[in-house]
Chemist: 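Below you'll find the structure I mean.
Numbers restart at 1 for each chain; the letters A, B, ... are given by sequence-line order, proteins then strands. Quick caveat, the model's predicted, so the values are computed rather than measured.
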Amino acid sequence: MTDVPSLRAALLDWYDAHARSLPWRASPGSEAKTDPYRVWLSEVMLQQTTVPHAAPYFERFTTRWPTVGDLAAVEDAELMAAWAGLGYYARARNLLACARAVAADHSGAFPQTEAELLALPGVGAYTAAAVAAIAFDRPANVVDGNVERVMSRLFAVETPLPAARPELRRLAALFVDDHRPGDWAQALMDLGSGVCRPRSPLCDQCPLAFGCEALKTGAPERYPLKTKKAERPHRRGHAYVLTDATGRVALVRRPDKGLLGGMAGLPTSDWGAAPDFAPPMEGDWRAAGSVEHVFTHFSLTLEVHVAEGQGDFLWTTAAEAAKALPTVFRKALERGLGAA
DNA sequence: GACACGTGGCT
DNA sequence: TAGCCAAGTGT
């Protein structure tokens with residue numbers, strides 16, 4: 001009933017005419033093979049992250065570290081600072097671990113099979129399949145949020161996410177083929193991102209409209225169905241902006257595990273319902289107002305306090321601190337210094 | 001399977 | 001505007 005060859009041909013034709021030009025894609029017409037390092041780096045940066053947000057980071061990383069060997073040699077703190085602002089910081093820790101594993105265990109060359117890629121830190125089912133397909137042109141079932149949405153509409157899947165995931169994966173697998181596997185994966189994702197969008201899909205521009213069950217229902221945007229998410233709790237905390245006589249700021253390095261793990265941060269209280277005000281130094285602490293921040297699974301109000309002092313911290317200029325800090329602390333620092 | 005894990009843009 | 005959403009992975 002579903003004409004897989006016709007759908008495949010239609011989407012690949014569409015991709016030949018409409019493929020986006022992206023920094024990590026080989027330029028059209030170029031015979032150069034796509035560099036697996038750049039494919040891997042882009043895929044990790046794009047996990048749960050938009051193209052406009054990731055693109056400048058990709059440019060900076062590939063300029064500073066043109067090969068996986070260069071990346072493997074970077075100090076942890078330098079890498080974490082370069083990732084600051086991109087979010088999901090476990091990705092940065094795993095990125096470094098992966099680069100070092102490729103350098104140490106694979107002679108500096110990315111392995112080409114899905115199974116070997118999957119064994120690398122921070123490389124899951126999606127990224128392993130994407131690198132195998134895009135960098136090495138191997139047939140692989142590349143399933144991300146875009147592909148799930150396209151499949152859920154093409155087949156009008158009534159099961160809500162995340163329960164529908166195995167079924168959507170089986171449907172996507174129907175299209176995996178050794179003809180242009182890398183282009184197929186990217187075509188599906190370009191379609192999902194630009195045409196088969198979550199809201200207001202552009203079905204009149206869709207090369208797969210002729211075979212789309214959701215379009216026949218008259219409400220394609222209803223797919224994929226989703227189960228309602230739990231409500232996001234709210235937490236409070238105190239953040240301490242301690243400066244020395246020269247204006248440098250006291251930072252700490254956060255533990256490797258957990259929220260903002262491995263990142264530089266401001267000293268803070270615990271975060272909870274009514275955290276104690278317990279600054280890291282005695283001193284003349286002044287309230288500097290508060291900042292709001294929203295994480296994936298809770299929102300946060302951070303009361304900012306400022307004082308001058310000394311002590312055993314990572315003392316950093318305000319400009320360097322702003323660059324190395326995750327966004328929540330960058331906001332708190334700006335609030336603290338602005339009020340100082 | 002459920003949950004932890006960031007951020008910024010869009011509606 | 002408050003929520004939804006983006007090329008997921010690890011535990």
Side-chain angles (χ1 to χ4, degrees), chain A residues 20 22-25 38-58 80 83-95 97-98 117-131 133-135 140-150 160-166 168-169 172 182 184-194 196-201 221 224 226-235 254-263 265 271 291-300 325-331:
Chain A
R20 284 181 294 176
L22 297 169
W24 42 85
R25 282 187 182 165
R38 294 167 64 87
V39 173
W40 161 75
L41 181 60
S42 67
E43 292 301 343
V44 173
M45 286 184 168
L46 288 165
Q47 290 167 10
Q48 299 292 290
T49 305
T50 58
V51 166
H53 194 188
Y57 286 83
F58 179 83
M80 299 311 286
W83 196 275
L86 243 199
Y88 283 139
Y89 297 98
R91 291 184 297 170
R93 301 194 299 277
N94 286 327
L95 190 81
C98 182
L117 289 162
L118 197 51
L120 294 167
V123 176
Y126 163 76
T127 303
V131 173
I134 298 169
N141 195 15
V142 181
V143 184
D144 70 342
N146 288 307
V147 177
E148 288 180 347
R149 185 170 55 258
V150 171
L161 286 170
R165 230 155 243 149
L168 296 171
R169 168 171 288 279
W184 173 255
Q186 296 180 91
L188 218 36
M189 291 191 283
D190 275 16
L191 185 79
S193 137
C196 196
R197 310 182 299 191
R199 285 169 294 206
S200 318
E221 69 282 354
K226 299 196 174 185
T227 55
K228 197 168 160 49
K229 286 170 191 159
E231 226 170 283
R232 183 159 30 215
H234 188 261
R235 297 181 192 168
R254 297 174 60 83
D256 276 326
K257 304 240 178 220
L259 190 75
L260 309 173
M263 295 298 290
W271 299 349
V291 295
E292 300 290 332
H293 194 76
V294 181
F295 294 97
T296 305
H297 54 297
F298 67 95
S299 56
L300 176 70
L325 288 171
T327 300
V328 61
F329 291 128
R330 186 176 50 69
K331 292 188 337 195

Chemist: To the nearest Å, how far apart are A:Met189 CE and C:dA6 C1'?
Modeler: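 Distance check: A:Met189 CE to C:dA6 C1' gives 13 Å.
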Chemist: Answer yes or no: is there a donor N or O on one side and an acceptor on the other, between the side chain of A:His53 and the main chain of A:Met45, under 3.5 Å?
Modeler: no
Chemist: Find the distance A:Lys229:NZ to B:dA4:P and express it as a whole number of Å.
Modeler: 14 Å
Chemist: Which part of the nucleic acid does A:Leu188 contact within heavy-atom distance under 4.0 Å: base, sugar-phosphate only, or nothing?
Modeler: nothing
Chemist: Side chain of A:Tyr57, backbone of A:Ala84: donor and acceptor closer than 3.5 Å?
Modeler: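 At least one qualifying donor-acceptor pair exists.
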Chemist: Answer yes or no: is there a donor N or O on one side and an acceptor on the other, between the side chain of A:Ser299 and the main chain of A:Arg235, under 3.5 Å?
Modeler: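 Not a single qualifying donor-acceptor pair exists.
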Chemist: What distance, rounded to whole Å, do you find between the two P atoms, one in B:dG6 and one in C:dT11?
Modeler: 14 Å
Chemist: Mapping A:Leu46 and A:Gly122 to their closest nucleotides on DNA chain C, which lands nearer the 5' end?
Modeler: A:Leu46
Chemist: Round to the nearest Å and state the distance from A:Asp256 atom CG to C:dG10 atom P.
Modeler: 16 Å
Chemist: Select base, sugar-phosphate, or nothing to describe what A:Trp83 touches, counting heavy atoms under 4.0 Å on all strands.
Modeler: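 Since no nucleic acid heavy atom lies under 4.0 Å of A:Trp83, the category is nothing.
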Chemist: Between C:dC5, C:dG8, C:dG10, which nucleotide has the shortest distance from any of its atoms to the side chain of A:Asn94?
Modeler: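 The answer is C:dG10, which lies nearest to the side chain.
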Chemist: Name the orientation class of the two ring planes belonging to A:Trp24 and A:Phe58 (parallel below 30°, tilted from 30 to 60°, perpendicular beyond 60°).
Modeler: perpendicular
Chemist: Between A:Lys228 and A:Val51, who's closer to the 5' end of DNA chain C by nearest nucleotide?
Modeler: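 Its nucleotide being nearer the 5' end, the pick is A:Lys228.
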Chemist: Counting the atoms with a prime plus P, OP1 and OP2 as sugar-phosphate, which does A:Pro121 contact under 4.0 Å by heavy atoms, base, sugar-phosphate, or nothing?
Modeler: sugar-phosphate
Chemist: What is the per-nucleotide protein-contact pattern of nucleotides 5-11 of chain B, from the 5' end, where B denotes a base atom under 4.0 Å from a protein heavy atom, S denotes such proximity for sugar-phosphate atoms only, and - denotes neither?
Modeler: BBBS---
Chemist: If the condition is salt bridge (Lys or Arg N to Asp or Glu O under 4.0 Å), which residues does A:Arg91 pass it with, not counting sequence neighbours?
Modeler: none
Chemist: At 4.0 Å (heavy atoms only), tell me whether A:Ser200 reaches a base, stays on the sugar-phosphate, or touches nothing.
Modeler: nothing
Chemist: How is A:Ala125 classified with respect to the nucleic acid when contacts are heavy atoms under 4.0 Å: base, sugar-phosphate, or nothing?
Modeler: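 Result for A:Ala125 = sugar-phosphate.
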Chemist: Just verifying a value: how many Å separate A:Leu259 CG and A:Trp271 CH2, rounded to the nearest 0.5 Å?
Modeler: 5.5 Å
Chemist: Return yes if some donor-acceptor pair links the side-chain N/O of A:Arg38 with the main-chain N/O of A:Arg25 below 3.5 Å, else return no.
Modeler: no
Chemist: For the pair made of CD in A:Glu43 and C1' in C:dA6, what is the distance, rounded to whole Å?
Modeler: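 The distance from CD of A:Glu43 to C1' of C:dA6 comes to 13 Å, rounded to the nearest Å.
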Chemist: Once you round it to whole Å, what is the distance between P of C:dC4 and CZ of A:Arg197?
Modeler: 19 Å
Chemist: Between C1' on C:dG10 and CG on A:Leu118, what's the gap in Å once rounded to a whole number?
Modeler: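 Checked: the CG to C1' distance equals 12 Å.
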